[in-house]
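Within every chain, numbering begins at 1; the chains are lettered A, B, ... in the order of the sequence lines, protein sequences first and strands thereafter.
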Amino acid sequence: MSLAELESLAYKLCNLSQLRQLHARLLINLSLHRHTQCQWVSLLISQCTRLRAPPSYTRIIFHSTPRPNIHVFTSMFKYYSNSNFNLGGVDQVASLYRQMQQRSDLTIGTFVYPVLIKSAASAGIQFHAHVLKLGLASDHYVRNAIMAFYAKYGPVEHARYLFAEMHDSTLADWNNMIFGYWKWGNKDDACKLFDMMPERNVVTWTSMVTGYARTKDLKNARRYFDQIPQKNVVSWNAMLSAYAQNGCPEDALRLFDDMMNSGDQPNETTWAIVISSCSSCGDCSLADSLVQKLNQKQIHLSYFSKTALLDMYAKRGSLQTARQIFDELGAYRNTITWNAMISAYTRVGDLASARELFDRMPQKDVVSWNSMVSGYAQNGQSALALDLFKDMINAADGLKPDEVTMVSVISACGHLGALDIGNWVISIVRKHHIRLSVSGYNSLIFLYSKCGSMEDAKMTFQEMKTRDVVSYNTLIAGFAAHGHGMEAVKLLLKMKGEFIEPDRVTYIGILSACSHAGLLEEGWKVFESIKAPDVDHYACVVDLLGRAGKLDEAKEIIDSMLKEPHAGVYGSLLNASRIHKRIDLGEFAASKLFELEPHNSGNYILLSNIYSSAGRWDDVVRVRESMRRIGVKKATGWSWVEYKGKMHKFIVGDRSHEQSEDIYRLLAELGRKMRNAGYMADKTCVLRDVEEEEKEEMVGTHSEKLAVCFALLVTDAEAVIRVVKNLRVCWDCHTAIKMISKLEGRKIILRDNNRFHCFSDGVCSCGDYW
DNA sequence: CTAGGGTTAG
């Protein structure tokens with residue numbers, strides 16, 4: 001076979017296995033002259049670039065010639081500079097470059113340098129200096145490549161100098177500069193250059209479209225797009241992705257229809273954008289019709305768009321189909337494919353499958369780690385998220401966490417109430433100079449609010465230059481948990497002043513802030529101002545009225561609801577009935593709740609507490625028996641205290657903590673003191689015929705007491721301790737801790753799921769609704 | 001040997 005024959009054959013290849021067959025034929029031909037062999041190999045490598053073969057396979061081809069010549073090296077550099085295999089690319093290009101330098105028999109002609117410079121971006125090799133030293137900078141192509149390099153990878157100022165020195169700048173150079181200015185956020189210079197240009201082509205216009213899309217200015221992006229005289233696939237794709245990446249997938253799909261009518265044929269890139277737009281629309285029928293269209297047209301998607309397809313199926317919950325695509329991709333899988341599959345699993349909460357893939361994947365990038373860390377964080381596994389984060393920064397591959405990592409980790413700390421660990425995480429943010437965006441700041445507000453540092457939360461909020469509705473909602477929820485009702489209401493006014501539209505979450509925050517702070521009037525006014533209140537808002541307003549003692553009004557609200565009330569609504573009524581000892585309404589709410597969620601132990605406990613506070617012990621026993629009959633188990637409660645960066649966990653009856661002996665001694669001593677002070681420890685003692693463990697089940701576990709005792713032991717220098725719990729603070733513990741605060745003269749801050757209880761001198765100052 | 005568009009994570 002001649003080179004010409006091979007060439008025509010190579011360009012007809014359309015997938016990897018055909019390439020493989022061709023390569024096999026080449027390998028059989030051992031009698032080839034080295035020069036010819038190199039020609040063949042470099043041809044195959046350029047086909048790898050075209051077909052986007054995985055790096056592992058391309059390297060096999062590269063190594064199949066014992067002494068590659070300069071053309072083989074050049075095609076290899078081109079492969080790296082055109083591929084998206086960023087991972088490992090840095091080292092690969094650098095080692096390829098070193099290999100090439102060590103070969104004294106190679107003459108590196110100037111034609112190699114533009115390619116080298118392009119691929120050097122990821123390798124971080126200082127080519128400019130090198131090229132100057134070699135005296136190659138006067139070469140037209142070399143100089144232009146360097147300029148394009150600086151435009152693309154910065155500093156863009158260097159590109160500007162080179163551009164200014166040029167006397168023979170071509171349209172391509174102008175386009176490179178425009179691209180560079182946009183890329184580095186220099187909108188004004190980009191526009192100035194655009195207006196000054198002697199001539200423009202479709203590339204120039206397309207750069208303007210993507211430039212405006214980067215600044216989220218879709219209006220101008222579209223304005224320039226509409227002015228493009230002769231659109232091509234790339235310009236359509238640019239506008240499509242402008243819509244897709246700025247949260248307007250519907251517009252992208254509309255534009256795609258226009259494109260189909262225009263006669264321009266979509267390509268791989270188009271399919272990738274369109275498929276991902278379909279998946280972010282969440283419109284299954286749309287996705288189905290797209291798949292149908294692809295099948296009709298007999299379009300064979302590349303691995304690149306198949307990843308988008310995989311993600312589309314995953315997002316609509318068809319995990320099996322997604323996995324099938326993943327399995328079929330086989331050798332074509334890259335890091336992004338793995339990442340997409342991992343997040344498909346974490347999205348449905350299948351952390352085990354996600355972790356299995358994560359451990360198995362050949363190469364991880366920062367997105368892989370982020371997917372797994374956030375997977376744990378979003379499925380309530382904050383501690384595991386933190387552990388994995390520690391693995392990440394200790395890992396040998398030297399991956400730096402980025403803002404996405406930090407958002408997940410900071411909010412995991414928030415969920416744990418772990419301020420010490422949170423501060424350590426913040427120190428890592430500073431160490432790596434990670435710039436925080438709005439969501440980064442939002443996670444900080446969340447962390448501080450959850451840990452009771454409202455001053456820091458407020459300060460973080462004030463530091464922000466731009467805030468979104470989540471920033472407000474997070475801070476409002478923080479104030480709500482602390483019983484700072486007025487501050488929350490003030491924030492509602494402030495956000496309206498900043499033209500940020502409150503959403504349903506905002507109103508939930510405001511209403512619960514009002515009810516925790518007893519701001520009946522303000523809360524009611526807010527409720528009436530909600531245009532379309534949903535069931536959650538009703539639950540809040542029932543809570544608001546209920547806590548204020550207006551139970552009959554609360555019941556009327558429930559009766560007037562257009563939609564069917566959910567458990568939260570009746571839960572609020574039940575809780576209010578317990579506070580105000582309204583057995584009739586409590587029984588009513590409980591009966592509804594037993595229908596809606598028969599296995600939620602909390603409802604039984606609340607009802608039995610209502611009976612016990614009225615001394616109706618027969619009814620307490622009756623509720624307990626019905627619990628046993630239905631098989632409802634009270635969830636094992638645990639409390640934890642963060643101390644010196646470590647979480648100390650306590651469960652009733654579990655003495656595995658190393659300071660258990662001291663803790664139980666202190667507990668006994670406090671019990672004695674409390675009895676001497678005339679406080680009847682707890683009412684479970686009335687249930688004489690009940691086993692100890694069952695008493696715990698009935699009235700709530702007392703792990704908080706253990707946690708508080710531990711905290712009292714270790715934090716003697718501090719006035720404030722934090723106890724975090726994943727269950728509601730029960731009445732008994734609340735009373736006990738009030739006593740502790742008085743007897744010990746300590747201020748104690750106790751946090752349960754969503755609010756803070758601040759105890760000092762025998763009273764609970766915020767949210768004291770017991 | 002020239003420039004513009006793409007899939008995954010919060």
Side-chain angles (χ1 to χ4, degrees), chain A residues 52 74 78 84 109-118 139-142 144-145 147-148 151-152 169-180 182-183 200-211 213 228 231-242 244-245 266-277 279 301-312 314-315 334-344 346-347 354 365-375 377-378 385 402-412 436-440 442-443 470:
Chain A
R52 301 190 180 278
T74 310
K78 263 195 227 167
N84 284 295
T110 57
F111 71 95
V112 187
Y113 278 89
V115 180
L116 258 176
I117 288 158
K118 212 179 147 196
D139 183 274
H140 184 88
Y141 291 118
V142 172
N144 284 8
M147 198 206 83
K152 229 179 207 168
S169 48
T170 63
L171 181 53
D173 300 319
W174 285 77
N175 285 342
N176 275 326
M177 278 316 292
I178 296 223
F179 174 87
W182 275 119
K183 161 116 198 209
R200 303 175 185 120
N201 65 4
V202 61
V203 179
T204 327
W205 287 98
T206 310
S207 290
M208 294 304 281
V209 172
T210 13
I228 302 180
K231 297 180 184 63
N232 63 14
V233 211
V234 182
S235 27
W236 282 103
N237 290 345
M239 195 62 227
L240 284 171
S241 84
Q245 307 217 314
N267 65 4
E268 276 299 327
T269 306
T270 321
W271 294 123
I273 303 170
V274 170
I275 293 170
S276 82
S277 294
S279 65
L301 293 178
S302 76
Y303 82 95
F304 204 101
S305 314
K306 276 202 179 144
T307 304
L309 198 67
L310 184 161
D311 183 59
M312 187 181 85
K315 280 194 177 134
N334 65 5
T335 309
I336 297 185
T337 326
W338 285 87
N339 292 347
M341 198 64 229
I342 289 173
S343 57
T346 59
R347 210 175 285 129
D365 65 2
V366 70
V367 178
S368 324
W369 287 94
N370 290 350
S371 308
M372 203 60 232
V373 169
S374 73
Q378 288 180 352
D402 67 2
E403 203 223 344
V404 178
T405 328
M406 301 331 271
V407 169
S408 304
V409 176
I410 292 171
S411 70
L436 293 184
S437 69
V438 176
S439 24
N442 290 349
S443 67
V470 180

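One atom, CE of M341(A), and another, C1' of dT7(B), lie 15 Å apart when rounded to the nearest Å. Separating the CD1 atom of I336(A) from the P atom of dT7(B) is a distance of 8 Å, rounded to the nearest angstrom.
In terms of polar N and O atoms assigned as donor or acceptor, the side chain of N201(A) comes within less than 3.5 Å of the base of dA3(B) in a complementary pairing. Judged by distance alone with a 3.5 Å cut-off, no donor-acceptor contact links the side chain of N237(A) to the base of dG4(B). Between the base of dA3(B) and the side chain of N176(A) there is no donor-acceptor pair shorter than 3.5 Å.
Closest to the side chain of S374(A), from the set dA9(B), dG4(B), dT8(B), is dA9(B). Nearest to the side chain of E268(A), among dA3(B), dA9(B), dG6(B), sits dG6(B). Comparing dG10(B), dG4(B), dG6(B) by their closest approach to the side chain of S207(A) singles out dG4(B). Distance from the side chain of E403(A) is smallest for dG10(B) among the nucleotides dG10(B), dA9(B), dA3(B). In this structure, the nucleotide among dG6(B), dT2(B), dT8(B) sitting nearest to the side chain of S302(A) is dG6(B). With dG4(B), dA3(B), dT8(B) as the choices, the nucleotide that has an atom nearest any side-chain atom of A172(A) turns out to be dA3(B). Comparing dG6(B), dA3(B), dG4(B) against the side chain of N175(A) picks out dA3(B) as the nearest.
Among the protein residues, N232(A) comes within range of the nucleic acid bases, having at least one heavy atom under 4.0 Å from a base atom. Residue Q378(A) is classed as a sugar-phosphate contact, given heavy-atom separations below 4.0 Å to backbone atoms only. Within 4.0 Å (heavy atoms only), T269(A) reaches at least one base atom of the nucleic acid. Residue contacts shown for R200(A) are absent, as no nucleic acid heavy atom lies under 4.0 Å away. Within the nucleic acid shown, D311(A) comes within 4.0 Å of sugar-phosphate atoms alone, with no base atom in reach, counting heavy atoms only. If you check every strand for non-hydrogen atoms under 4.0 Å, V373(A) touches nothing. Residue-level contact check: T170(A) touches neither bases nor backbone, having no heavy atom under 4.0 Å from any strand.
An aromatic stack links F304(A) and the base of dG6(B), using centre distance under 5.5 Å and interplanar angle under 30°.
In plain terms, the two heavy atoms of N267(A) and N237(A) that are nearest each other are OD1-ND2, 3.3 Å.
For Q245(A), no side-chain nitrogen or oxygen approaches OP1 or OP2 of dG5(B) to under 4.0 Å. Taking side-chain N and O atoms only, K231(A) has no distance below 4.0 Å to OP1 or OP2 of dG5(B). Neither OP1 nor OP2 of dT8(B) sits under 4.0 Å from any side-chain N or O of R347(A). Contact between the side-chain N/O atoms of S371(A) and the OP1/OP2 oxygens of dT8(B) is not found at any separation under 4.0 Å.
Between N339(A) and N370(A), the side chains place no donor N or O within less than 3.5 Å of an acceptor N or O (distance only, hydrogens not considered).
Every residue meeting the salt bridge (charged side-chain N to carboxylate O under 4.0 Å, His left out) condition with K315(A), not counting sequence neighbours, appears here in chain and number order: D311(A). In this structure, T206(A) has no side-chain hydrogen bond (donor to acceptor under 3.5 Å, both in side chains) partners at least two apart in sequence or on a different chain.
Under the 4.5 Å side-chain criterion, counting only non-hydrogen atoms from C-beta, M208(A) is in contact with W182(A).
Panel note: side chain S368(A), backbone D365(A); a donor-acceptor pair is recorded below 3.5 Å.
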